[in-house]
S.K.: 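Can you keep this structure in mind? I'll have questions shortly.
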Amino acid sequence: MAGIAEGWKAWGGAIVLAVLSLPAAPRPGMAARLTPAEKLTLVRADVAPASARGVSIVTLPGVPRAGLPALRMALVDGASQPSPLALMASWDRDLARRVGQARARAIRAGGRALAALGGIGPLPAGRTRDGEDPLLSGRMMGEVAAGLIAGHVLPLFGGLGQPGPDGMEQDRLLALHVALEHAAGAGMLCHVATVAMRPCGALEGMERTLRDGWRYGGMIALMADRATPEAPPAMHRTLLLSALAAGVDVEGEPGTAETALFGATLRQALKGGAVPPVRLDRMAAHIMQAMDAAGVTEHPPPFGALRAPAPYQGPLVGDEVAEGTVLLRNENAVLPLAGTAAAPILVLGAGPARTAARAMADALGRAGHAARLAADAPNGTALPPDVAQAGPVVIFSAGSEDDRLIGAVADSGAHVVVVLLSDDPDRPMPWLDQVDGVVQAWSWRDGGEDALAALLGGQRDFSGRLPVTLTGGAAPAHPAGYKAFDRAHVAPLFPFGYGLAIHARFAYGDLKVTRDGSRLLVAFSVTNRGTAPGRDVPQIYLDLPDGSGEAPKRLIGWRTVQLAPGQSARLAVGIDARMLGRWNPAALEWVAPAGDYGVSLGGHSANLARQVMIHLPELHVPAALPEGEAG
């Protein structure tokens with residue numbers, strides 16, 4: 001705690017100023033019906049210690065007298081937190097919203113009405129959790145949040161991240177803004193191991209941006225897996241003021257009200273004048289406004305129905321698998337799979353991939369394919385005896401521990417398809433040139449196996465597109481997103497937005513870009529020149545003017561379209577200037593500089609077949625979120 005004390009001496013006064021510099025007040029009367037003691041109850045959450053499965057139950061006590069119900073949330077540790085990449089890989093906003101609605105039903109059935117939602121958040125969590133493009137992450141997770149709100153569940157954007165003194169990156173800032181635009185009423189979550197200095201990282205000092213610029217009226221929550229360490233009261237007050245400087249409205253940690261920051265420490269700070277009472281009013285108002293916007297005040301969950309959270313298996317898992325699975329390689333037309341009674345499809349999977357392999361062998365059999373599971377789970381380089389009599393071999397792999405096995409099976413002369421069951425975008429693939437097919441199925445294990453079998457067997461075509469760059473372990477910079485590869489002029493193993501189809505082949509043409517005020521309208525045609533129906537994801541990228549200091553290109557829009565063989569469609573995408581420029585914290589607006597911009601269209605970030613240039617004057621876009629978020 002010595003570092004905390006030194007930090008307080010160095011900039012504790014700045015924290016006090018930040019706490020006292022309050023933005024415009026929320027709607028009048030929002031917290032007027034609460035007593036000071038009730039407000040203190042509302043801003044402190046109870047956190048039960050994590051179970052053996054890495055799940056804590058968070059309870060926001062509510063104020064029954066004022067009609068504010070108690071709300072609960074399952075808080076999952078970093079190792080158990082599901083990755084959003086599989087859903088992002090669908091690039092399907094309608095699917096994302098329906099997934100949110102389905103999750104809301106499951107959450108409320110378990111007696112909960114708060115949900116932590118990864119994919120974006122105030123704390124950096126890495127590409128596996130956040131994706132690597134703010135538009136894709138913001139829109140997809142914003143739609144999931146909108147579905148949760150429609151089902152009367154209050155989503156909190158953010159997962160377990162790394163707090164610290166980093167400034168809010170433009171990409172993370174944009175992702176939050178885009179998501180909140182789609183999900184009016186959503187909150188933000190800073191999930192940390194233990195409350196320390198700058199617990200919400202870059203949110204510190206951003207209250208003017210959030211409350212005055214964006215007119216964001218939702219709540220900001222700080223949740224810790226462990227109790228704040230014992231320390232002198234002055235140090236606890238320092239931590240409290242650091243949290244308030246980041247705009248935190250509700251705090252939770254294991255322990256009692258006497259040890260929690262927003263318990264006795266906050267009560268004493270209010271009594272001593274270090275925190276003005278109006279600050280507590282605003283904190284309570286933000287919590288109440290978020291509850292109202294999500295409908296949980298009028299539609300409280302059945303509080304007595306609490307059940308231990310189980311691994312989520314929603315009714316839309318088949319759709320997520322069908323649209324989010326990405327075909328990376330298909331040499332020698334190994335897909336669709338074809339087996340015979342004499343040489344069946346052989347499915348392998350060792351260790352954690354064994355369950356998935358068994359499920360897939362059964363699913364392929366149900367679909368009418370000659371397929372079987374390898375007789376023995378292979379170990380190391382030992383080949384199962386079935387390989388010699390097999391047709392194509394499908395190897396499910398959850399990690400690099402399978403690399404020697406994959407290489408050995410490929411060296412035997414078999415036609416090999418590797419199905420990756422990992423969300424790691426930096427996994428090396430030393431066997432890539434030895435195998436015929438590679439499929440990215442993310443962290444899939446079971447559920448939706450019939451959808452995956454339909455893709456592998458050719459009854460349905462692949463349409464997933466990568467939401468992250470697959471680097472193969474060779475990254476030019478950190479974080480290793482497509483913008484970093486562009487800056488370094490290095491070709492990645494598989495680029496952002498990439499994905500193959502077996503039968504469909506899409507071509508683009510007639511690209512036109514016009515300006516309407518501070519918006520661009522991008523219109524183009526798409527034609528399926530393949531032999532079967534397919535879903536395409538045409539992507540639009542922007543080249544910024546020379547000297548802007550930005551990466552060479554950025555995603556500014558996309559559409560999804562289903563086309564029959566020979567069918568064409570004319571599509572249009574509207575793009576506001578927010579996607580063209582940067583956030584100006586002084587003016588509280590998005591600003592795109594004047595200059596010549598290149599607008600490109602293609603199938604992924606490294607294959608842009610069409611480009612037009614357009615000259616734009618300096619453009620300004622106000623940042624206020626849609627009505628209903630004002631606060």
Side-chain angles (χ1 to χ4, degrees), residues 78 81-93 96 117-144 157-162 166-179 201-202 324 326 328 420 422-427 440 442-443 464-499 537 539-544 550-558 579 582 600 602-608:
Q81 187 177 20
S83 167
L85 294 184
L87 180 59
M88 287 186 190
S90 73
W91 297 58
D92 187 336
R93 294 167 59 183
L117 187 59
I120 58 170
L123 295 179
R127 290 188 303 139
T128 301
R129 303 297 179 195
D130 294 342
E132 69 180 48
D133 182 82
L135 180 61
L136 179 62
S137 301
R139 281 187 177 170
M140 291 295 290
M141 303 320 294
E143 294 290 358
V144 174
F157 288 122
L160 185 63
Q162 297 297 321
D166 68 315
M168 179 68 88
E169 297 175 348
Q170 285 283 326
D171 277 2
R172 202 154 78 251
L173 187 72
L174 180 57
L176 273 172
H177 193 271
V178 169
V326 184
L328 301 176
L420 300 172
S422 168
D423 294 325
D424 180 9
D426 299 318
R427 177 180 171 176
Q440 175 58 271
W442 311 106
S443 52
R465 302 291 186 267
L466 290 177
V468 288
T469 303
L470 300 189
T471 69
H478 181 77
Y482 70 96
K483 296 178 183 178
F485 278 90
D486 280 351
R487 291 189 188 99
H489 302 289
V490 174
L493 189 65
F494 292 105
F496 174 82
Y498 178 86
V537 187
Q539 301 159 37
I540 304 166
Y541 292 83
L542 183 79
D543 291 327
L544 280 81
E550 296 288 322
K553 74 168 74 72
R554 65 169 69 165
L555 179 73
I556 58 172
W558 79 88
M579 301 308 306
R582 295 175 61 86
S600 301
H604 57 78
S605 61
N607 181 26
L608 302 176

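In this text the structure is predicted, and so the values were computed from the model without any measurement. As a basis for the values below, the full set of heavy atoms in this structure was taken, side chains included, without hydrogen atoms, waters or symmetry mates.
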S.K.: Do Leu328 and Leu470 have side chains that get closer than 4.5 Å, going by heavy atoms?
M.R.: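 The answer is yes; the side chains approach within 4.5 Å.
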S.K.: Look up atom OH in Tyr498 and atom CG in Leu466, then write down how far apart they are to the nearest 0.5 Å.
M.R.: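 Atom-to-atom, Tyr498:OH and Leu466:CG are 8.5 Å apart.
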S.K.: Could you report the tightest heavy-atom contact between Leu420 and Gln440, atom names first, then the distance?
M.R.: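 Reported closest heavy-atom pair: O-OE1, 3.3 Å.
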S.K.: For the side chain of Trp442 and the backbone of Gly324, is there at least one donor-acceptor N/O pair under 3.5 Å apart?
M.R.: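 Checking the backbone N and O of Gly324 against the side chain of Trp442, a donor-acceptor pair under 3.5 Å is found.
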S.K.: Could you give the distance from OG (Ser137) to CZ (Arg129), rounded to the nearest 0.5 Å?
M.R.: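 Rounded to the nearest 0.5 Å, the OG-CZ separation comes to 13.5 Å.
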S.K.: I need the single residue from Thr128, Thr471, Thr469 that forms a side chain to side chain donor-acceptor pair (under 3.5 Å) with Asp426. Which is it?
M.R.: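 For Asp426, the side chain to side chain donor-acceptor pair (under 3.5 Å) check succeeds only for Thr471.
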S.K.: Taking the basic N atoms (NZ, or NE/NH1/NH2) and the acidic carboxylate oxygens, is any pair closer than 4.0 Å for Asp543 and Lys553?
M.R.: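 Judged by the 4.0 Å cut-off on N to carboxylate O distance, Asp543 and Lys553 do not form a salt bridge.
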S.K.: Please find the pair of heavy atoms, one from Arg127 and one from Pro425, that lie closest to each other, and give the distance.
M.R.: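 Between these two residues, the closest heavy atoms are NH2-CG, 3.4 Å.
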S.K.: Between atom CD1 of Ile556 and atom CD1 of Ile540, what is the distance when rounded to the nearest 0.5 Å?
M.R.: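 Between atom CD1 of Ile556 and atom CD1 of Ile540 there are 6.0 Å.
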S.K.: For Ala96, enumerate each residue passing the side-chain contact (heavy atoms from CB on, under 4.5 Å) test, keeping only those at least two apart in sequence or located in another chain.
M.R.: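 By the side-chain contact (heavy atoms from CB on, under 4.5 Å) rule, Ala96 matches Leu87, Met140, Glu143, Val144.
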S.K.: Tell me, please, which residues at least two apart from Leu555 pass side-chain contact (heavy atoms from CB on, under 4.5 Å).
M.R.: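 Scan of Leu555 (side-chain contact (heavy atoms from CB on, under 4.5 Å), adjacent residues dropped) gives Trp91, Asp133, Leu135, Leu136, Tyr482, Phe496, Gln539, Tyr541, Trp558.
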S.K.: Counting only N and O atoms by type, is there a donor-acceptor contact under 3.5 Å from the side chain of Glu169 to the main-chain atoms of Asp171?
M.R.: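 Looks like no, no N/O pair under 3.5 Å.
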S.K.: Write down the atom of Ala202, the atom of Arg172, and the distance for their closest heavy-atom approach.
M.R.: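 Shortest heavy-atom contact: CB-NH2, 4.0 Å.
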S.K.: For Pro467 versus Ala89, what's the shortest heavy-atom pair and its separation?
M.R.: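 Closest pair (atom of Pro467, atom of Ala89, distance): CD-CB, 3.8 Å.
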S.K.: Backbone N or O of Ser422 within a donor-acceptor pair of the Ser443 side chain at under 3.5 Å?
M.R.: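 Side chain of Ser443 to backbone of Ser422: no pair is present.
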S.K.: Identify the heavy atoms of Leu160 and Ala125 that sit nearest to each other, and give their distance.
M.R.: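 The pair with the smallest heavy-atom distance is O-CB, 3.7 Å.
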S.K.: Any sub-3.5 Å donor-acceptor pair from Arg139's side-chain atoms to Gly557's backbone N or O?
M.R.: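 Flag not set: sc Arg139 to bb Gly557 has no pair under 3.5 Å.
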S.K.: How far does NZ of Lys483 sit from CG of Asp486, to the nearest 0.5 angstrom?
M.R.: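 Result: 9.5 Å between the selected atoms.
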S.K.: Any chance you could measure Met141, atom CE, to Arg93, atom CZ, to the nearest 0.5 Å?
M.R.: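 Rounded to the nearest 0.5 Å, the CE-CZ separation comes out at 13.5 Å.
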S.K.: Taking all heavy atoms of Gly119 and all of Pro84, pick out the closest pair and write down the distance.
M.R.: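 In this case the closest contact between Gly119 and Pro84 is CA-CG, 3.6 Å.
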